[in-house]
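Atoms within each ligand, like the ligands themselves, are counted from 1 in listed order.
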Amino acid sequence: MSNRMWGGRFASGPAEIMEEINASIGFDKRLAPQDIRGSLAHVAMLGQAGILPAADVAAIQDGLKAVRDEIEAGGFVFKRELEDIHMSIESRLTEIVGPAAGRLHTARSRNDQVATDMKLWVRDTLDGLDIQAAGLQRALAEKALAHAGTVMPGFTHLQSAQPVTFGHHCLAYVEMLARDRGRFRDARARLNECPLGAAALAGTSFPIDRHATAAALGFDRPTANSLDSVADRDFALESLAAASICAVHLSRFAEELVVWTSAQFDFVRLSDGYTTGSSIMPQKRNPDAAELVRAKSGRVIGALTGLLVVMKGLPLAYSKDMQEDKEGTFDALQALSLCLAAMTGMVRDLEPNAPVLARAAGSGYATATDLADWLVRELGLPFREAHHVTGRLVGTASARSVGLEELTLDEMQAAEPRITDAVYAVLGVENSVSSRTSYGGTAPDNVRAQATRWLEQLGKDA
Ligand code: ARG
């Protein structure tokens, strides 16, 4: 049997494999709420514009709501021969309403319909991701405030560089998430034009009111070019790009958690709620959630790459290739949502191991820069020369396997005779961090002020 929706010119139905490769219902059924929202707006507009009689409009509206109820209740049967969500809903609507249902598709096409549905889905999802990212920022800012003065080693090249505070490290991720949220909002603002009414590609001869449908669906305005309306998937690409960057941020933090929870580092403790045991090694507490957050960034980046490749060779306007936008977009944005939730839980529960962090903060000659700065400040040495003198002192200390603070004054003066015992004050890590008062620096007072500012701002956002 040929297709009930478009089979007029076909004598027979599709081959089994054709049906399998063609059908999207397996994954686009999740667009049912958006599809029905779009159809309700479209049919109301058709009525207002005098294109459909009021009785048909009412019947179609009631029918669409009945279909929505069936889908929500789980009683709707999705059939592969109906290809996609658009035809599945229209087919069921026809069973409920009769021939009047056939008037719903006046002045539209599945091409503008699917573009509208996807935009609505992506828009809702971006809004949810923004709220989740704000939640993670809040959890991080709270940790930052609690640990504004907890010292830890700061790294470059994963080598001990200078002491920082745990709170400062947390706030670095708050800043990254702020940029992520900015990208989500930018993507949302740019996508918020309604393709509905572009029809197949050229617009329509019916006197439709695209401004009305755009407004009814919460869009800022209708899209201005009908070809672009149905050929555009920038909104999905842009959202996936923003999601990829966010996923990379989460992956970097996850990597740190994996390293930090190892016995060799022992910098933080994750809660039982976010770790797992081993079936053979009883001592294990594995950071699986962090590892999976790190791994899932791969899916998100993969979805972006996949869709870029799908789109790159497509002539205007719609091609069926574009049906491949869905699975990757759904999967990637859903994966990011799960990662944000898992990270928020992990951050809320985690406890830094302050004594271990303090010890590590002082090792690796992490206060060498403080010594060089002291030579500049107190003895007036040019920084380059101070760097050199400090390097010699690090060499002496390293040869004896001691810290800089354990060098005798004689050893110090062998490198620079004018050094006095006042130098020892800057060699402590507490001193080091509290001296970093430049704007954006790690001094506990700065960290406290920044964390407080963020918590206030996030309170206002909510
Ligand atoms: N299932 C299709 C998709 O997801 C809907 C649009 C189909 N349009 C068409 N002309 N065959 O892209």
Starting from [atom], what is the nearest protein heavy atom, named by residue and atom, and what distance separates them?
{"atom": "atom 9 (C) of ligand 1", "result": "Asn111 OD1, 3.4 Å"}
{"atom": "atom 3 (C) of ligand 1", "result": "Tyr318 OH, 3.3 Å"}
{"atom": "atom 2 (C) of ligand 1", "result": "Gln323 OE1, 3.2 Å"}

Looking at [X], which atoms of ligand 1 are within less than 4.0 Å of one of its heavy atoms?
{"X": "Ser24", "value": "1 (N)"}
{"X": "Lys326", "value": "3 (C), 4 (O), 12 (O)"}
{"X": "Asp84", "value": "1 (N), 2 (C), 5 (C)"}

Min over Glu324, Gln113, Arg110 of heavy-atom distance to atom 11 (N) of ligand 1 lands on Arg110
Side-chain ion pair, [X] and [Y], N-O less than 4.0 Å:
{"X": "Asp180", "Y": "Arg183", "answer": "yes"}
{"X": "Arg37", "Y": "Asp124", "answer": "yes"}
{"X": "Arg299", "Y": "Glu327", "answer": "no"}
{"X": "Glu255", "Y": "Arg294", "answer": "yes"}
{"X": "Glu90", "Y": "Arg110", "answer": "no"}

Notebook entry, point to check: Does ligand 1 have any atom sitting under 4.0 Å from a heavy atom of His86?
Noted result: yes
- Task: Work out whether the distance between some heavy atom of Glu83 and some atom of ligand 1 is less than 4.0 Å.
- Result: no
*May I ask you to establish whether Lys326 and Phe27 are in a cation-pi arrangement, using a distance under 6.0 Å from NZ or CZ to the six-membered ring centre and at most 45° from the ring axis?*
no
Okay, side chain of Gln323, backbone of Asn22: is any donor-acceptor separation there less than 3.5 Å? yes
